[in-house]
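Reading through the structure tokens given below for one structure.
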Amino acid sequence: MNVAIVGTGYVGLVAACCLAKSGHLVFAVEKDLTKLEILKKGKVPFYEDGMDEILKETISNGNINFTSNLSLALQNSSIIFIAVGTPALSDGRADLLQVCTVAEEIIKNINKSITVVMKSTVPPGTGKIICDRFFNNSKYPIHYVSNPEFLREGKSVWDWYHPDRIVIGCDDESVAQKIADLYSDIDAPKEIMDVTSAEMVKYASNAFLATKISFINEISNLCELVGGNIDQVARAVGMDTRIGNQFLQSGLGYGGSCFPKDTKGLKYVSSSNGYQFNLLKAVIEVNYQQRTEAIRKLNRLLGDLWGKRITVLGLAFKPGTDDIREAPALEIIKYLADEGAIVRATDPMAMEKARPVLPLNTELFTDPYDALVGAEAVLLATEWPLFVNLDWATVKKQMNEPFVIIDGRNALNAHQLISLGYRYEGYGRSIRS
Ligand code: UGA
């Protein structure tokens, strides 16, 4: 099938490349001309495992074409995906300006009946609004489909081909089937439902995963008070197949471009519909507290932070990505700098993106060992294997007393570090030095 995709961010580019790899002819539309040139040269403008190869392959076999011309892409396609950003506004609402702008351009440029597929994450109810505002009055019939994505950054190519389900929201059975056929090479249940339900599946899924994280973080905090060990607790709780063992890792909490935005977005949708989603409010609040908890731990072990050398390992919101959006490390570094600490940081992928948003006096190092020389404390903010597998005996020789380690991801070997003489503190691990 011929498919146009508007927007080449994480979602749009992965969708474009993977659909092209599956044999569809894809026209990817990007209005940022600098980015467009990068893409045409076969380069992925962000770090994502496996994407370089697929992009090069699909460019060379001619299955993917990049253009800034939406009208051209529309002329060549019968299906158009919208995959532009929906960032959070200051009140938590999703900003739908880019989505609406694309919808308006589609209306201006079509000359035949088409199917519009919404891949951008939009709040429940948006499809109805977009159809009423733009598509229902079109001179050519437009079918509207909500087809949310469940890709994880860093694993998006794997997730594309191995989804737990493909959700298709459409009020017309034959159109829904046409979209299901786009994914005929993917072995996953195709869940067909109405548009608003499909939109809700996306928000409910992210909110539920965020809830699991905040829940285990609350249990972890309680473990610290009563003396339990969260690793053992989470492991055994997760063995109950009704609960499941994923998203039970306690620590600094969730970041990224999705969970923080979508939980706040769902809270906004709830309150604007007169409903108080109290559980979700608590999830958001707990996640915020987990970051301040790292500061509290540093304060307790170092005393006043003024003039203390603290090294932060990790700037990306999770390993496997260079994405720093809502990364806990950034907020913590700002706080430490405000308190007068001398902050050093390192990350294998995210330094270029982080540099412009960090306090000016943050010292950045390429080599983690260099970043740790003279440090009195270290905070592991992102559990990159590179950091987890450091030679901690060597590191200790380079650091200064009191050799504090705050393990913000419970990823380090606490017993080994304590035996090396570190003052180790994780989250909910009642193994203290
Ligand atoms: C998330 C969802 O997992 C995807 O299914 C979804 O498609 C995507 O959002 C989206 O809406 O686009 P992603 O943001 O890439 O994907 O990251 P996750 O791997 O889900 O991790 C999110 C955050 O939760 C990270 O900061 C991670 O460190 C944290 N986390 C995750 C925990 O603190 N504990 C855990 O047990 C798991």
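When a ligand or atom number is given, it counts from 1 through the structure's own listing order. For clarity, every value in this text was computed on a predicted model and none was experimentally measured.
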Heteroatom distance test ([X], ligand 1): nitrogen or oxygen, under 3.5 angstrom:
{"X": "Gly255", "value": "yes"}
{"X": "Leu209", "value": "no"}
{"X": "Ser257", "value": "no"}
{"X": "Glu383", "value": "no"}

If you draw the axis of the six-membered ring of [Y], does the NZ or CZ of [X] fall within 45° of it and under 6.0 Å from the ring centre?
{"X": "Arg165", "Y": "Phe150", "answer": "yes"}
{"X": "Lys297", "Y": "Tyr427", "answer": "yes"}
{"X": "Lys190", "Y": "Tyr183", "answer": "no"}

Using the ring of each side chain (for Trp, its six-membered ring), is Tyr144 parallel, tilted or perpendicular to Phe135, with breaks at 30° and 60°?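 Rings of Tyr144 and Phe135: tilted, 30 to 60°.
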
Nearest protein heavy atom to [atom], by residue and atom, and its distance?
{"atom": "atom 3 (O) of ligand 1", "result": "Arg152 CG, 3.5 Å"}
{"atom": "atom 34 (N) of ligand 1", "result": "Gln249 O, 3.0 Å"}
{"atom": "atom 5 (O) of ligand 1", "result": "Phe150 O, 3.1 Å"}
{"atom": "atom 30 (N) of ligand 1", "result": "Ile213 CD1, 3.4 Å"}
{"atom": "atom 28 (O) of ligand 1", "result": "Arg409 NH1, 3.5 Å"}

Please check if any side-chain donor atom of [X] sits under 3.5 Å from a side-chain acceptor atom of [Y], or the reverse.
{"X": "Asn147", "Y": "Lys119", "value": "yes"}
{"X": "Ser156", "Y": "Glu48", "value": "yes"}
{"X": "Gln290", "Y": "Asn221", "value": "yes"}
{"X": "Ser214", "Y": "Asn217", "value": "no"}
{"X": "Tyr424", "Y": "Asp407", "value": "yes"}
{"X": "Thr115", "Y": "Lys178", "value": "yes"}

Could you tell me whether [X] and [Y] make a salt bridge, using a distance below 4.0 angstrom between a side-chain N and a carboxylate O?
{"X": "Arg133", "Y": "Glu104", "value": "no"}
{"X": "Glu30", "Y": "Lys35", "value": "yes"}
{"X": "Arg296", "Y": "Glu293", "value": "yes"}

Between [X] and ligand 1, which residue portion shows a heavy-atom distance shorter than 4.0 Å: side chain, backbone, both, or neither?
{"X": "Lys212", "answer": "neither"}
{"X": "Phe259", "answer": "side chain"}
{"X": "Asn206", "answer": "side chain"}

Winner among [options] once heavy atoms are compared against [atom]:
{"atom": "atom 8 (C) of ligand 1", "options": "Leu151, Thr121, Asn410", "answer": "Leu151"}
{"atom": "atom 24 (O) of ligand 1", "options": "Phe317, Tyr254, Tyr203", "answer": "Tyr254"}
{"atom": "atom 13 (P) of ligand 1", "options": "Lys318, Gln246, Gln290", "answer": "Lys318"}

4.0 Å heavy-atom contact, [X] with ligand 1:
{"X": "Gly251", "value": "no"}
{"X": "Lys202", "value": "yes"}
{"X": "Cys258", "value": "yes"}

Can you name the atoms of ligand 1, numbered from 1 with element, that are less than 4.0 Å from a heavy atom of [X]?
{"X": "Leu248", "value": "36 (O)"}
{"X": "Phe247", "value": "20 (O), 31 (C), 35 (C), 36 (O), 37 (C)"}
{"X": "Glu153", "value": "15 (O)"}
{"X": "Gly253", "value": "33 (O)"}

